[in-house]
Amino acid sequence: MSEKNEFPLLSQIQDPADLRQLSLSELDSLSEELRCYLIESVSQTGGHLSAGLGTVELTIALHYIYNTPEDRLVWDVGHQSYPHKILTGRRQLMPSLRQKDGLCGFPNRNESVYDTFGVGHSSTSISAALGMAIAAKQEQSERRVIAVIGDGALTAGMAFEALNHAGDLDANLLVVLNDNDMSISPNVGGLSNHLARVLSGKLYSTMREGSKKVLGVMPSVWELARRAEEHMKGMVIPGTLFEELGFNYIGPIDGHDTETLVKTLENVKQLKGPQFLHVVTRKGKGYEPAENNPCTYHGVGRFDPDSGDLEQKPGTGPTYTKVFSDWLCDMAELDPRLVGITPAMREGSGLVAFSEQYPTRYFDVGIAEQHAVTLAAGMACDGVKPVVAIYSTFLQRAYDQLVHDVALQNLPVLFAIDRAGVVGPDGPTHAGSFDLSYLRTIPNMLIMAPTDENECRQMLYTGFQHDGPAAVRYPRGQGPNAEIQKNMQALLLGKGKICRQGQKIALLVFGSPLTDALAAADSINATVANMRFIKPLDEALIMELAHSHDVLVTIEDNAIMGGAGSAVNEYLASQQVLIPVLNMGLPDIFMEQASREELLADASLSKDGIIRAIDNFVTNHTPDIRLDKHITVA
């Protein structure tokens with residue numbers, strides 16, 4: 001069946017201007033088509049599904065009422081933005097979603113004029129939208145600005161900082177709260193929908209503003225009226241907090257009732273100043289597997305759209321996340337002081353089993369990375385042993401707390417840093433490219449990078465036993481399937497080891513690139529050292545290799561600038577050791593989405609890439625040195 005026959009309304013829409021030509025009565029049918037298309041599309045590519053299914057009607061209503069892209073629509077995080085992409089001229093590109101040279105999984109300013117702000121990290125939408133609203137005011141423009149934020153994103157302090165500021169201004173800003181977890185109010189129905197229309201209507205807003213002027217000259221009477229209004233609204237709607245912040249609160253309304261959404265937004269569009277619209281939606285709406293298990297289908301791989309069965313990925317060993325999960329439970333059994341902390345990443349960081357086995361020692365602080373780190377510091381002050389499980393890209397958000405609250409006080413907090421290095425389809429917003437660079441500049445930090453699953457387990461134990469701040473950073477996905485030892489033993493701090501003895505060229509490897517480095521070394525008869533520690537460096541091993549080889553090559557899955565290789569360079573320079581050094585790692589660019597294997601190959605961190613880079617370096621910089629085995633690489 002052709003797309004035109006299967007999706008008769010959706011196939012007509014190339015941009016929101018086409019959407020605005022439809023009648024209100026046609027929007028429900030369009031919602032059904034859009035939801036079906038979204039399920040079918042994501043089942044083939046993988047991606048974020050549950051949140052987008054929940055925002056189908058809201059997305060249609062926003063583009064239907066507002067003149068996008070002239071009116072600015074800012075999505076928070078972007079998990080729920082796939083319907084937006086489909087309606088803004090990218091429907092036929094959806095098969096390329098999250099693939100190399102394809103559509104980004106998040107809003108991206110380089111991709112479309114409808115993506116007004118690039119996102120990927122949570123809770124930035126209100127700040128960005130407020131900035132745009134202020135810009136419109138300064139330009140004396142009538143364009144409107146809308147921020148769509150999920151209830152989970154409101155757990156971040158940044159969102160409240162922006163709300164606090166916006167409420168003090170008269171910029172024309174609409175904040176739409178997509179409440180998809182019923183975390184604020186479950187009382188959505190006919191009464192609340194009707195109330196929202198009344199509160200957003202011209203009659204109510206005119207009377208409200210008029211009463212301010214009339215009663216404002218009688219302060220005691222005005223205060224009584226204001227409090228009476230708040231009391232009446234507070235009995236049926238949870239808007240008091242947002243009203244106190246300076247917003248006109250409207251809602252909650254049913255986010256799947258298209259007519260109510262459209263009519264409410266029509267009213268809100270006429271209002272001046274900061275407005276707050278509370279919309280309640282259901283994650284996974286319209287697709288039973290996603291409704292029943294929204295976490296599983298939040299970020300999902302390929303699946304059968306009919307049954308919902310997930311495609312099983314081939315693999316021989318556990319993921320690094322699973323290694324951490326098992327270690328955390330084992331360590332908690334041995335040491336009752338251990339607690340686990342995560343900023344809203346229980347599933348992604350591998351804390352599900354721990355949270356079930358040790359619920360009183362598990363703390364999910366919401367999307368609040370700064371609080372997570374300082375909370376851990378406070379615990380460590382009084383004898384608790386905190387383990388902070390966090391993605392590399394999200395730890396960036398708590399850098400000040402890491403420096404000021406943990407390292408400066410030399411507190412024993414262990415950071416289990418997942419998704420280090422390239423992460424693949426999630427793209428540059430989620431890449432863990434910089435942690436070695438930003439961590440190694442901090443005094444008192446112990447920094448380790450495992451090369452396999454067992455080493456990861458032993459390093460976690462080492463960091464936990466360390467009397468000071470420690471970090472173990474490990475990549476997304478599976479390792480080389482090393483045998484994992486149940487017994488744990490602390491590693492000697494700052495000590496690496498030789499994995500292969502060769503001649504002339506020594507490869508100093510930090511972390512997961514070891515497997516490809518060993519394969520490359522077999523082809524060129526190079527020595528390979530597993531450095532293990534980024535801080536402290538094994539200076540004795542570096543000196544030994546420098547004195548016994550003609551060329552050193554550092555290899556890491558971190559930005560070359562400021563990374564582990566830079567640390568080696570700095571040490572050699574401090575000792576006045578002159579030897580050619582090739583630093584290999586991630587280039588000084590934001591690498592776009594692709595598979596992890598494609599990204600590593602692009603960065604020359606595959607076996608063939610390592611051989612080619614060394615061959616070029618030796619040819620251009622040390623012509624008197626010849627590789628033992630010159631391999632022609634395709």
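For the single chain, residues carry numbers from 1 onward in sequence order.
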Main-chain N/O of Asn108 paired to Asp115 side chain as donor or acceptor, under 3.5 Å: yes
Glu111: salt bridge (charged side-chain N to carboxylate O under 4.0 Å, His left out) partners, not counting sequence neighbours: Lys85, Arg90
Hey, does the side chain of Arg35 reach the backbone of Gly52 with a donor-acceptor pair shorter than 3.5 angstrom? no
Side chains of Glu32 and Ser29: donor-acceptor distance under 3.5 Å anywhere? no
Those residues that, when tested against Asp306, pass side chain to side chain donor-acceptor pair (under 3.5 Å) (two or more places apart): none
Verify the ring-centre separation between Tyr358 and Phe354: is it less than 6.0 angstrom? yes
Please answer whether the main-chain N or O of Arg346 pairs with a side-chain N or O of Ser349 as donor and acceptor at a distance below 3.5 Å. no
In terms of heavy-atom contacts, Glu347 and Cys295 come closest through OE2-SG, 4.1 Å
Under the rule for ring pair (Phe, Tyr, Trp, His ring centres under 6.0 Å), what residues qualify as partners of His63, not counting sequence neighbours? His84
Identify the two heavy atoms, one from Ala344 and one from Asp364, that lie closest to each other, and give their separation to 0.1 Å. N-OD1, 2.9 Å
Which pair of non-hydrogen atoms, one from Pro107 and one from Phe117, has the smallest distance, and what is that distance? CB-O, 3.8 Å
When you check the side-chain N and O atoms of Ser595 and Glu598, is any donor under 3.5 Å from an acceptor? yes
Do any N or O atoms from the side chain of Arg419 and from the backbone of Gly348 form a donor-acceptor pair under 3.5 angstrom? yes
Value for CG (Leu245) from CG (Asn164), rounded to nearest 0.5 Å, stands at 6.0 Å
Donor-acceptor pair, distance only, cut-off 3.5 Å: does the side chain of Glu33 make one with the backbone of Leu9? yes
Check step by step if side-chain hydrogen bond (donor to acceptor under 3.5 Å, both in side chains) holds for Thr281 and Asn178. CA-CA 7 Å; Thr281 62; Asn178 175 26; 2.5 Å; yes
Mind listing the closest non-hydrogen atom pair of Leu38 and Pro83 along with its distance? CD2-CG, 4.1 Å
Candidates Leu241, Leu154, Leu173 - the one meeting side chain to side chain contact (heavy atoms under 4.5 Å, CB included) with Leu163: Leu154
Answer yes or no: is there a donor N or O on one side and an acceptor on the other, between the side chain of Tyr82 and the main chain of His48, under 3.5 Å? yes
Carefully, step by step, assess Asp18 and Gln12 under the rule side-chain hydrogen bond (donor to acceptor under 3.5 Å, both in side chains). CA-CA 7 Å; Asp18 296 329; Gln12 298 176 31; over 6 Å; no
Hits for side-chain contact (heavy atoms from CB on, under 4.5 Å) against Gln396, two or more places apart or cross-chain, chain-then-number order -> His121, Thr393, Phe434, Tyr438
His430: partners by ring pair (Phe, Tyr, Trp, His ring centres under 6.0 Å), with sequence neighbours left out: Phe106, Phe394
Is there a donor-acceptor pair under 3.5 Å between the side chain of Arg109 and the backbone N or O of Thr116? yes
Flag, side chain of Asp76 to backbone of Thr124, donor-acceptor distance under 3.5 Å: yes
What closest approach, in Å, do Ile39 and Phe303 show between heavy atoms, and which atom pair accounts for it? O-CZ, 3.8 Å
Can you spot which of Thr258, Val262, Thr264 makes a side chain to side chain contact (heavy atoms under 4.5 Å, CB included) with Thr260? Thr264
Please enumerate all residues that pass side chain to side chain donor-acceptor pair (under 3.5 Å) together with Arg98, with sequence neighbours excluded. Asp426
Partner of Glu142 under salt bridge (Lys or Arg N to Asp or Glu O under 4.0 Å), chosen from Lys137, Lys272, Lys269: Lys272
Correct closest heavy-atom pair for Arg282 and His256 would be N-NE2, 2.9 Å
Set out, in order, the CA-CA distance, both residues' side-chain angles and the distance that settles side-chain contact (heavy atoms from CB on, under 4.5 Å) for Leu30 and Leu19, then state yes or no. CA-CA 9 Å; Leu30 177 63; Leu19 167 65; 3.3 Å; yes
